[in-house]
**Q** 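Just dropping this structure here.
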Amino acid sequence: FLNSIDIHPNARWKQNGLTVAGGNGQGNGINQLSNPLGLYVDDDQTVYVADQSNRRIVEWKSGATSGQVVAGGNEKGSGDHQLSNPIDVIVDKETNSLFICDSSNRRVVQWPRRNGTSGETIISNIDCR
């Protein structure tokens, strides 16, 4: 079932958008993304991007020209310090951590939001999408 959204018939769309993450071609540089999928926008307009092909979560502060890797980015693998095709991310302010859908590893990982070098699998053997 699809959700129905009422859009006023006279609604006008903005003609120009603003790039808030990436925008520098596909790649693995700190100012690039490769097949970004899920994203989460925090209260302070910080954007967290599940950068699937780079196997990392990148944090982009409002107005920044490059991001900061906050999870993964350590080669493809199934170790606690690795991600394999992360496809979504959310932030939990209470625990100050990220929850990451790590699809190829078939798990959900909780990763400390600040200075985390590895995560903890909290759900395993799951087809997270």
**Q** What distance do Arg107 atom CZ and Ser124 atom OG have between them, rounded to the nearest 0.5 Å?
**A**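 Result: 9.5 Å between the selected atoms.
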**Q** Tell me whether Asn54 contacts the main-chain N or O of Gly27 through its side chain, where contact means a donor paired with an acceptor under 3.5 Å.
**A**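 Answer holds: yes.
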**Q** Would a hydrophobic clustering, with Ile, Leu, Val, Met, Phe, Trp and Tyr connected at side-chain separations under 4.5 Å, put Val58 with Leu37?
**A**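 Different hydrophobic clusters.
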**Q** Identify the heavy atoms of Phe99 and Ile122 that sit nearest to each other, and give their distance.
**A**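 Answer, listing the atom of Phe99 first, then Ile122: CE2-CD1, 3.3 Å.
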**Q** Do you know which two heavy atoms are closest between Asn28 and Gln32, and how far apart they sit?
**A**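 For Asn28 versus Gln32, the nearest heavy atoms are N-OE1, 3.5 Å.
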**Q** Within the distance-only criterion (no hydrogens, no angle test), does the side chain of Asp44 pair as donor or acceptor with the backbone N or O of Thr46 below 3.5 angstrom?
**A**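 Yes, because the side chain of Asp44 sits within donor-acceptor range (under 3.5 Å) of the backbone of Thr46.
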**Q** Tell me, with the steps shown, if Arg106 and Asp127 meet side-chain contact (heavy atoms from CB on, under 4.5 Å).
**A** CA-CA 6 Å; Arg106 298 180 44 81; Asp127 188 19; 3.8 Å; yes
**Q** Cluster question for you: counting only ILVMFWY and a side-chain heavy-atom cut-off of under 4.5 Å, with indirect links fine, are Leu83 and Ile30 together?
**A**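 No; tracing contacts between hydrophobic side chains, which count when under 4.5 Å, never links both residues.
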**Q** Tyr48 and Val70: which non-hydrogen atoms are nearest, and at how many Å?
**A**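 Shortest heavy-atom separation between Tyr48 and Val70 comes out as CD2-CG2, 4.3 Å.
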**Q** Side-chain heavy atoms under 4.5 angstrom apart, residues restricted to Ile, Leu, Val, Met, Phe, Trp, Tyr: same cluster for Ile126 and Val89?
**A**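 Yes, one cluster joins them.
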**Q** Would a single hydrophobic cluster contain both Ile123 and Ile100, if residues Ile, Leu, Val, Met, Phe, Trp and Tyr are joined by side-chain heavy-atom contacts under 4.5 Å?
**A**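 As far as the 4.5 Å side-chain criterion goes, Ile123 and Ile100 are connected within one cluster.
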**Q** Please answer whether the main-chain N or O of Ile87 pairs with a side-chain N or O of Gln52 as donor and acceptor at a distance below 3.5 Å.
**A**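 Such a contact is absent between Gln52 side chain and Ile87 backbone.
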**Q** Kindly say whether Gly77 contributes a backbone atom to a donor-acceptor pair with the side chain of Asn105 at under 3.5 angstrom?
**A**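 Checking the backbone N and O of Gly77 against the side chain of Asn105, a donor-acceptor pair under 3.5 Å is found.
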**Q** Could you state the interatomic distance from CG (Asn74) to CZ (Arg56), rounded to the nearest 0.5 Å?
**A**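 Reported to 0.5 Å precision, the distance equals 11.0 Å.
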**Q** Can a donor-acceptor pair be found, under 3.5 Å and without considering hydrogens, that links the side chain of Gln68 to the backbone of Glu59?
**A**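 Pair absent, no side-chain N/O of Gln68 close to backbone of Glu59.
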**Q** Does the Gln82 side chain pair with the main chain of Asp80, one donor and one acceptor, at a distance under 3.5 Å?
**A**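 No, because the side chain of Gln82 does not come within donor-acceptor range (under 3.5 Å) of the backbone of Asp80.
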**Q** Does the side-chain contact (heavy atoms from CB on, under 4.5 Å) test come out yes or no for Asp102 and Trp111, once each step is laid out?
**A** CA-CA 11 Å; Asp102 188 16; Trp111 200 292; over 6 Å; no
**Q** Can you give me the closest heavy-atom contact between Thr95 and Ser97, atom names plus distance?
**A**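 In this case the closest contact between Thr95 and Ser97 is OG1-OG, 2.5 Å.
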**Q** Could you walk me through whether Lys93 and Asp42 pass the side-chain contact (heavy atoms from CB on, under 4.5 Å) test, one step at a time?
**A** CA-CA 9 Å; Lys93 288 187 246 173; Asp42 207 346; 4.1 Å; yes
**Q** Locate the shortest heavy-atom distance separating Trp60 from Val49; write the atom from each residue and the value.
**A**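 What the structure gives for the nearest pair is CD1-CG2, 4.2 Å.
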**Q** Using the rule that two of Ile, Leu, Val, Met, Phe, Trp, Tyr join whenever any of their side-chain heavy atoms come within less than 4.5 Å, decide whether Val47 and Ile57 are in one cluster.
**A**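 They do not share one cluster, since no chain of ILVMFWY contacts under 4.5 Å joins Val47 to Ile57.
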**Q** For a quick check under 3.5 Å, do Asn35 and Ser53 share a side-chain donor-acceptor pair by atom type?
**A**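 There is such a pair (donor and acceptor under 3.5 Å, judged by atom type) between the side chains of Asn35 and Ser53.
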**Q** Within the structure provided, determine whether Asp51 and Ser34 are in side-chain contact (heavy-atom separation under 4.5 Å).
**A**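 Asp51 vs Ser34: side chains touch.
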**Q** Listed by chain and number, what are the side-chain hydrogen bond (donor to acceptor under 3.5 Å, both in side chains) partners of Ser104, not counting sequence neighbours?
**A**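 With sequence neighbours excluded, Ser104 shows a side-chain hydrogen bond (donor to acceptor under 3.5 Å, both in side chains) to Asn85, given in chain and number order.
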**Q** Provide the closest heavy-atom pair for Gly119 versus Val109 in the form atom of the first, atom of the second, distance.
**A**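 Result for this residue pair: CA-CG1, 3.7 Å.
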